[in-house]
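Structure first, commentary second.
Note on naming: letters A, B, ... go to the chains in the order of the sequence lines (proteins, then strands), and numbering restarts at 1 for each one.
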Number of protein chains: 2
Amino acid sequence: MTEDEKSYKTKKVITIGIVSELTGLSERQIRYYEERQLIFPDRSQRGTRKYSFGDVETLMDIANQMEDGVRTFEIRQEMKKKPDEEKLKRSMIKGQLNARFGIQNKFK
Amino acid sequence: MTEDEKSYKTKKVITIGIVSELTGLSERQIRYYEERQLIFPDRSQRGTRKYSFGDVETLMDIANQMEDGVRTFEIRQEMKKKPDEEKLKRSMIKGQLNARFGIQNKFK
DNA sequence: CGTGTAAGGAATTCTGACACG
DNA sequence: CGTGTAAGGAATTCTGACACG
């Protein structure tokens with residue numbers, strides 16, 4: 001990924017109306033998740049919220065968890081552990097490795 | 001580049017006010033370049049213009065050319081020849097190959 | 001707890017036009 | 001030709017609150 005492509009994902013340039021269209025969430029929900037510290041938009045000079053594509057992805061992930069009955073408090077807890085998808089993937093692989101080799105270690 | 005990263009560059013989600021901040025161009029200028037067929041934003045249901053990061057880059061390129069005294073008509077002509085940077089790069093490489101091997105071919 | 005809604009204000013965007021040149 | 005500006009309307013966004021639960 002080039003520097004430009006990286007900034008495309010993290011640069012906060014999308015207004016709440018478009019984020020609402022993109023995620024299917026109401027503006028009320030999006031603002032509430034911010035209040036609960038699950039998402040952190042920038043503000044334009046005047047005060048309008050601005051989101052990145054990364055924020056949009058986070059919101060879609062939040063939406064899925066809410067559907068499963070997870071509460072905002074719990075989602076925030078998880079966010080602290082897994083700041084991003086990459087880390088999640090790595091930890092999942094690590095988990096598999098532990099499950100596979102952890103037992104063998106007993107025979108060491 | 002993943003599919004997601006690709007869409008980050010081409011997905012039209014940025015409003016004209018933010019494009020103005022990003023490019024340093026006035027909204028008047030941005031709308032005028034559209035009128036001159038140099039840029040093609042999408043429209044929201046209500047009619048608001050929406051731009052992609054790719055559009056923002058194109059606009060910055062246009063800004064540079066305007067500074068050099070190039071007119072919108074001429075810029076449009078160039079755009080037809082080089083639809084995007086990738087194609088430009090490929091054609092430049094091809095040009096080098098021709099310059100290097102085109103002559104040798106005479107000895108074949 | 002999570003989300004809908006009505007409320008009023010402030011900022012945004014849109015179009016067509018006049019201006020200068 | 002390229003861009004600034006004033007004009008009026010329509011849609012957007014913001015906050016704090018009441019509601020249900």
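The interatomic distance linking B:I14 (CD1) with C:dT12 (P) rounds to 17 Å, in whole Å. One can place CG of B:D42 at 16 Å from P of C:dT13, the figure rounded to the nearest angstrom. Distance CD1 (B:I18) to P (D:dT13): 10 Å, rounded to an integer number of Å. Taking atom CD1 on A:I30 and atom P on D:dT15, their separation rounds to 14 Å, with Å as the unit. Rounded to whole Å, the distance from CD on B:E67 to C1' on D:dG2 is 14 Å. Straight-line distance from the CD atom of B:Q65 to the P atom of D:dG2: 12 Å, rounded to whole Å. Atom OH in A:Y51 sits roughly 11 Å away from atom C1' in D:dC14 (whole-Å rounding). Rounding to whole angstrom units, CD of residue A:E34 and C1' of D:dC14 are separated by 11 Å.
Looking at heavy-atom distances under 4.0 Å, B:R71 makes contact with sugar-phosphate atoms alone, never a base.
Linking ILVMFWY residues whenever their side-chain heavy atoms come closer than 4.5 Å, directly or via other members, places B:Y32 and B:V70 in the same cluster. Residues A:M60 and A:I39 share a hydrophobic cluster, clusters being chains of Ile/Leu/Val/Met/Phe/Trp/Tyr side chains in contact below 4.5 Å.
Distances shorter than 4.0 Å separate some side-chain N or O of B:T15 from OP1 or OP2 on C:dT13. At the phosphate of C:dC14, OP1 or OP2 sits under 4.0 Å from a side-chain N or O atom of B:R49.
Remark: A:R46 pairs with A:T48 by the side-chain hydrogen bond (donor to acceptor under 3.5 Å, both in side chains) rule, at least two apart or across chains. Here B:R28 pairs with nothing under the side-chain hydrogen bond (donor to acceptor under 3.5 Å, both in side chains) rule; sequence neighbours left out. Residues satisfying the side-chain hydrogen bond (donor to acceptor under 3.5 Å, both in side chains) test with B:T23, not counting sequence neighbours, are none. Under the salt bridge (Lys or Arg N to Asp or Glu O under 4.0 Å) criterion, A:R76 pairs with no residue, sequence neighbours left out.
For C:dT13, its base sits under 3.5 Å from the side chain of B:R46 at one donor and acceptor pair at least.
A donor-acceptor contact under 3.5 angstrom links the side chains of B:D55 and B:S52, judged on distance only.
When the nucleotides C:dT15, D:dC14, D:dG9 are ranked by their closest atom to the side chain of A:R43, D:dC14 comes out on top.
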Each base of DNA chain C marked ( ) or [ ] if paired in-strand (Watson-Crick or G-U under 3.5 Å), | if paired to another strand and . if unpaired gives .||||.||.|.|.||.||||.
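A heavy-atom distance below 4.5 Å is not found between the side chains of A:K50 and A:I14.
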At a cut-off of 3.5 Å, list every protein nitrogen or oxygen paired with a nitrogen or oxygen from nucleotides 3-7 of chain D, distance to 0.1 Å.
{"unit_1": "D:dT3", "atom_1": "OP1", "unit_2": "B:Q29", "atom_2": "NE2", "d": "3.0"}
{"unit_1": "D:dT3", "atom_1": "OP1", "unit_2": "B:Y33", "atom_2": "OH", "d": "3.0"}
{"unit_1": "D:dT3", "atom_1": "OP2", "unit_2": "B:Y33", "atom_2": "OH", "d": "3.0"}
{"unit_1": "D:dT3", "atom_1": "O4", "unit_2": "B:R28", "atom_2": "NH2", "d": "3.0"}
{"unit_1": "D:dG4", "atom_1": "OP2", "unit_2": "B:S26", "atom_2": "OG", "d": "2.7"}
{"unit_1": "D:dG4", "atom_1": "N7", "unit_2": "B:R28", "atom_2": "NE", "d": "3.2"}
{"unit_1": "D:dG4", "atom_1": "O6", "unit_2": "B:R28", "atom_2": "NH2", "d": "3.1"}
{"unit_1": "D:dT5", "atom_1": "O4", "unit_2": "B:R28", "atom_2": "NE", "d": "3.2"}

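A salt bridge does not link B:E35 with B:R31: none of the charged nitrogens is closer than 4.0 Å to a carboxylate oxygen.
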